[in-house]
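First the structure, in the form of structure tokens, and then the observations on it.
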2 protein chains.
Amino acid sequence: MSKPGISDPQADPLHVLRRAEPDVRRQSLIAACTRVLAREGAAGTSVRVIAREARVSPGLITHYFSGIDALVAATYAEIDRTVAEAMDAAMAQAGDDPRARLDAFVTASFTPPIADRALLATWIAFWSLVTARADIARQHDDQYAGFRARLIDLLAACGVPQHRQRLAAIAVAALIDGLWLELCLSPGCFTGEEASRIARDHLDALIGPP
Amino acid sequence: MSKPGISDPQADPLHVLRRAEPDVRRQSLIAACTRVLAREGAAGTSVRVIAREARVSPGLITHYFSGIDALVAATYAEIDRTVAEAMDAAMAQAGDDPRARLDAFVTASFTPPIADRALLATWIAFWSLVTARADIARQHDDQYAGFRARLIDLLAACGVPQHRQRLAAIAVAALIDGLWLELCLSPGCFTGEEASRIARDHLDALIGPP
DNA sequence: TCTGTTATTGTACACTCGTGCAACGACTTT
DNA sequence: AAAGTCGTTGCACGAGTGTACAATAACAGA
């Protein structure tokens, strides 16, 4: 299965010296960074490796991004967007029933391409920047707030009273994150189906069975 | 408050050229690595920085560990031990009532020195090794299994029937981890007290109110 | 006091790292 | 067809990386 946002480098029409629209080139650098993070992990991700992956000279990365950290941050933002889209697609398939949409949201979290060791490598690379740089910490706060805001909408639609929505969303977000993290780190410990079941049981306790 | 396993380098009696018992020196290198990981993050942690922190020549690290990765792995194992001890201490203070012990376990997870951005940096450094090296992935599996085994004991003592213990432990572990992670990454989003309350509510739903 | 052991040092090696920058050349405009 | 723009290259630079290894010196036992 092809991963969202990860295109085949062989098919990349930019692999010979050729000018590209700035947006296109930017996007191709982000895509290359995604592939490298997934393949090599945070430690093996450098300007030169990414440049080779993108079939481009190392200098070009400095031309488009203020530094390697900025490229990783942009890559993370892109992945966040991709994941959100995958979630939306799963929910759209679930129809209009609020609880069915919530279940679809949860289940998608533990199914490829979201539950994916390669995605984890990107997340870890980003987290290590969060602990070191204030601007990236802010980006993380924003993105996570967006994640919780989606959950609040879903929970509200399921009838969770307003005064409990905030903590309920934090709880569900944490449960999903913890299960997702462990599912990626130790895939043999439990299955995605079991993770889904745990999360759905928690929702049952929170808002009553569907 | 002083962090567990982090000693004052000024008070280190090894700071002049002096032979040390292998175990003592090993331990002092691990302690130095812990401090560096906490202060500089995974990216800023190198043989030379650790050696300077330990007031020791860089060559000594290779003499005691097969490489920098082995030192980081040993540091992680040590931190895992330290955290487990802090948990045991919190539970011992809670007395004999099973549910009180479980609550103490949960609360300690969201209180310094366990909920600590510095600890997070070490965890992240270790996770990035997990995705890259099979032997370290095994170490992670073992340590996390130990964490879940403790939870199973606690849940069993609270009357959770055996056939539900495994998934219940996975659920509680994931919830604690997710809350802990977010508490460290975005300390402004919710408080340790709120995290405790969320976890205790989840336990109420799982095993009934105390 | 001398000797043997080995913890410890300091340095050298061969890399990789991120960034800066002059030169080149693909494409647009005139 | 000539000129201008700017995407792109390729390399140089200094700093940092992990590891290897001979030399040194602290300590134990004789």
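Convention: sequence-line order gives letters A, B, ...; per-chain numbering from 1. Computation of the quantities below employed the complete heavy-atom set of this structure, encompassing side-chain atoms and omitting hydrogens, waters and symmetry-equivalent molecules.
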Sugar-phosphate, base or nothing in reach of B/Ile68, heavy atoms under 4.0 Å: sugar-phosphate
Rounded distance (Å) that lies between atom P of D/dT9 and atom CD1 of A/Ile61: 11 Å
Sugar-phosphate, base or nothing in reach of B/Phe65, heavy atoms under 4.0 Å: nothing
Atom pair distance, as rounded to whole Å: CD1 in A/Ile50 and C1' in C/dC17: 12 Å
Salt-bridge criterion met for A/Arg197 and A/Glu193 (N-O under 4.0 Å): no
B/Tyr144 side chain to B/Asp177 side chain, donor-acceptor N/O pair below 3.5 angstrom: yes
Nearest-Å distance for atom pair CZ/P, residues A/Arg55 and D/dT9: 12 Å
Candidate nucleotides C/dC17, C/dT8, D/dG18, ranked by approach to the side chain of B/Val47 - the nearest: D/dG18
Under-4.0 Å side-chain N/O to phosphate OP1/OP2 contact, B/Thr62 with D/dA20: no
Residue whose nearest DNA chain D nucleotide is more 5′ - A/Tyr64 or B/Ser66: A/Tyr64
Integer-rounded Å distance: C/dA7 C1' and B/Arg26 CZ: 15 Å
Whichever of B/Gly59 and A/Ser57 has its nearest DNA chain D nucleotide further upstream toward 5': A/Ser57
B/Arg48 side-chain N/O to D/dG16 phosphate OP1/OP2 under 4.0 Å: no
For atom CG of A/Leu60 and atom P of C/dC24, their distance in whole Å: 18 Å
Spatial distance of atom CG (A/Leu175) from atom CG (B/Leu179) [nearest 0.5 Å]: 8.5 Å
Closest-nucleotide ordering on DNA chain C, the 5'-leading residue of B/Pro58 and A/Asp69: B/Pro58
Residues B/Arg101 and B/Asp153 bridged, charged N to O under 4.0 Å: no
CZ-OG distance between B/Arg133 and B/Ser128, expressed to the nearest 0.5 angstrom: 11.0 Å
Phosphate OP1/OP2 of D/dT8 contacted by A/Arg25 side-chain N/O (<4.0 Å): yes
Given D/dG7, D/dT19, D/dG10, the nucleotide with the shortest approach to the side chain of A/His63: D/dG7
